[in-house]
Amino acid sequence: MASSLTKDSATPGTPGSDTAFFGHPRGLATLFMTEMWERFSYYGMKALLTVYLLSGGPDAGKGSMGGGLAMDVATTTVIVSVYSAMVYLLAMPGGWLGDRLWGPRKTVAIAAVTIMAGHLTLALPGGQAPFFAGLALVAAGSGLLKANISTMVGHLYDGPDDPRRDGGFTIFYMGINAGAFFAPLAIGTVGQKVSWHLGFGMAAVGMAIGLAAFLIGTRTLSPQSSTVPKPLAAEERAAWLRKGLLWVIAATVFYGVVGFTGHFTLNWAMIPLTVIGLIVPAGVLLRIKRDKDLSAAEQSKMSGYIWFFVAAAVFWMIYDQGASTVQAFGEGKAAGSLLGFDFPSSWYQSLNPLFIMALAPVFAFVWVWLNRQGREPSTVVKFSMGLVLVGVSFFFFLIPLGMAANGTAVSPMWLVGIYFIQTVGELCLSPVGLSVTTKMAPAKYASQMMGVWFLAVTAGDSITSLLSNPAIAGVDLSGTAAVFGEAALAVLAGFAVWMYRRKVKSLMGDVR
């Protein structure tokens with residue numbers, strides 16, 4: 001280890017020759033720091049999001065600090081769900097901009113500045129206007145960054161067969177979870193105990209540190225990250241610019257009329273975004289599935305992939321409520337202390353990254369050990385396990401819901417149990433989903449399929465928003481009936497995937 005820290009690359013940024021960072025290219029340290037601080041800012045803000053929206057309203061926790069937006073749980077769930085859906089939806093155009101217009105390196109720099117501006121806007125007082133403007137900027141910046149920074153990690157290595165590649169992505173993944181773990185502890189505490197806007201300001205500082213690390217370390221990155229893989233021709237650029245301007249003008253005119261006539265409400269923004277979050281994933285899958293350029297084998301794999309996509313959407317629909325419905329329950333109906341130690345409810349958002357860091361190596365070891373024994377579950381079975389487990393987490397949620405019905409503040413350990421079960425389910429489904437996406441991608445869409453996988457999150461969160469919105473379905477997702485229904489849906493979906501596993505495997509062809 002000591003020698004690897006001092007061994008310099010002959011040519012900084014050259015794949016295959018640089019082992020300066022624990023045997024990996026020193027550019028990995030740059031991207032690690034950038035992503036860790038970006039995730040620190042993102043998850044710190046997200047830990048405050050639900051409690052800030054509830055603060056001062058009917059569903060805020062007893063004795064909680066005022067000064068928030070005083071919304072109820074239903075509206076809060078809609079906003080948090082739409083925000084999360086847009087982050088993952090925008091990963092596709094973010095990847096497109098990196099591939100066709102700016103190149104990954106420039107796109108990441110623009111993304112970091114956009115995210116920082118969003119957090120600074122959130123830190124401004126003034127109610128809903130700066131809040132939603134800041135939220136939009138953070139979502140746009142996160143979408144720009146998400147696909148491109150992972151691409152840059154891959155550029156550091158000498159092709160897919162470089163033996164260090166998997167280890168490099170593992171180190172990078174640990175940076176993501178380290179930032180996500182510490183953010184709620186720091187930003188959440190300051191935001192909930194001192195000042196909401198100071199907490200949002202800390203998120204901006206975190207992103208500023210990440211941006212500085214990126215700009216200082218750019219010389220250590222692969223030169224490939226500065227190139228535009230498939231640059232737009234002049235005619236294409238002009239056509240896209242015209243289309244973009246037309247959409248901007250149309251949206252400005254429409255919402256200008258709605259606003260000036262006094263009809264604008266929050267749902268004029270939330271409902272269209274929810275609809276977009278459902279139509280775009282369905283449209284993208286349909287377009288790929290109907291592409292006549294795909295071979296019969298690729299068509300079959302896409303039919304199989306749709307099973308995984310739908311299963312993942314159901315999973316994320318429930319899982320992502322850990323930041324809305326479950327977080328709101330922790331804020332209003334769980335005790336704010338454990339073993340005599342007081343803590344803010346935003347700390348619950350540190351549980352998932354903590355469990356990920358603790359359990360991911362265990363799962364990796366178990367899968368390898370089972371593989372050597374010839375007993376490793378197939379991809380289809382792992383997906384069914386993930387669905388069943390996320391359903392079990394909501395069956396488990398029914399217990400503290402019942403206990404809190406008479407006003408009793410339940411133990412925080414009930415929420416620890418919910419997040420633990422969901423994390424185990426995530427480790428069964430999420431890494432496997434990323435892997436199967438790359439394996440089943442048609443050659444024509446190889447670079448786009450990771451964005452398609454992210455759209456499963458968009459679809460799941462959009463369904464949550466649709467259900468919770470009082471103007472559409474108006475389902476009380478924090479009620480016993482809804483929690484039971486979602487739990488049953490996930491478990492039944494898991495059993496359905498398991499029962500049809502042979503059919504799905506046949507559609508997958510040579511992919512296992």
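These numbers come from the heavy atoms of this one structure, side chains and all, not from hydrogens, waters or symmetry mates.
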Check for a donor-acceptor pair, side chain of Ser142 on one end and backbone N or O of Val138 on the other, with a separation under 3.5 Å.
yes
Would you call Lys444-Asp293 a salt bridge at under 4.0 Å N-O?
yes
Are the aromatic ring centres of Phe484 and Phe395 under 6.0 angstrom apart?
yes
OG1 of Thr114 to NE2 of His119, rounded to nearest 0.5 Å, is 11.0 Å
Could you tell me if Lys503 sits above the aromatic ring of Trp307, with its cationic atom closer than 6.0 Å to the ring centre and no more than 45 degrees from the axis?
no
Let me know which of Asp461, Asn352, Leu429, Leu389 forms a side chain to side chain contact (heavy atoms under 4.5 Å, CB included) with Tyr319.
Asn352
Fit a plane to each ring of Trp240 and Trp96, take the angle between them on a 0 to 90° scale, and name the class: parallel (under 30°), tilted (30 to 60°) or perpendicular (over 60°).
tilted
Is the distance between the ring centroids of Trp268 and Phe254 less than 6.0 Å?
yes
If I compare all heavy atoms of Ser462 with all of Ala85, which pair ends up nearest, and what's the gap?
OG-CB, 3.8 Å
Are any of the side-chain heavy atoms of Trp316 and Ser84 separated by less than 4.5 Å?
no
Pair Trp498 and Phe495, ring centroids less than 6.0 Å apart:
no
Leu156 and Leu28: which non-hydrogen atoms are nearest, and at how many Å?
CD1-N, 3.4 Å
Can you spot which of Ile149, Ile110, Val113, Val108 makes a side chain to side chain contact (heavy atoms under 4.5 Å, CB included) with Leu144?
Ile110
From Leu434 CG over to Tyr173 OH, what is the distance, rounded to the nearest 0.5 angstrom?
8.5 Å
Would the Tyr52 and Phe131 ring centres measure less than 6.0 Å apart?
yes
Nearest heavy-atom approach of Ser350 to Phe181 is OG-O, 2.6 Å
Verify the neighbour count for atom CZ of Arg502: are there more than 12 heavy atoms of other residues, nucleotides or ligands below 6.0 Å?
no
Once rounded to the nearest 0.5 Å, what's the spacing between atom OH of Tyr348 and atom CD of Gln327?
8.5 Å
Which pair of non-hydrogen atoms, one from Thr50 and one from Ala323, has the smallest distance, and what is that distance?
OG1-O, 2.5 Å
To the closest 0.5 Å, what do you measure between CG (Asp476) and CG (Asp72)?
9.5 Å
Considering non-hydrogen atoms only, spot the tightest contact between Gln422 and Phe315 and give its length.
O-CZ, 4.2 Å
Using the benzene-type ring in the case of Trp, are the ring centres of Phe308 and Phe383 under 6.0 Å apart?
yes
Main-chain N/O of Ile421 paired with Ser393 side-chain donor or acceptor, under 3.5 Å:
no
So, for Met207 and Ala112, which heavy atoms are closest and what is the spacing to 0.1 Å?
CG-O, 3.5 Å
Mind checking whether Phe420 and Phe355 have parallel, tilted or perpendicular rings, split at 30° and 60°?
perpendicular
How about Phe182: does its CZ atom have over 12 heavy atoms from other parts shown lying under 6.0 Å from it?
no
Check: Ala296 main-chain N/O paired with Ser300 side-chain donor or acceptor under 3.5 Å:
no
Roughly how far apart are Thr274 OG1 and Leu278 CG, rounded to 0.5 Å?
7.0 Å
About how many Å separate CD of Glu331 and CG of Asp59, when rounded to the nearest 0.5 Å?
10.0 Å
Do Leu49 and Leu135 have side chains that get closer than 4.5 Å, going by heavy atoms?
yes
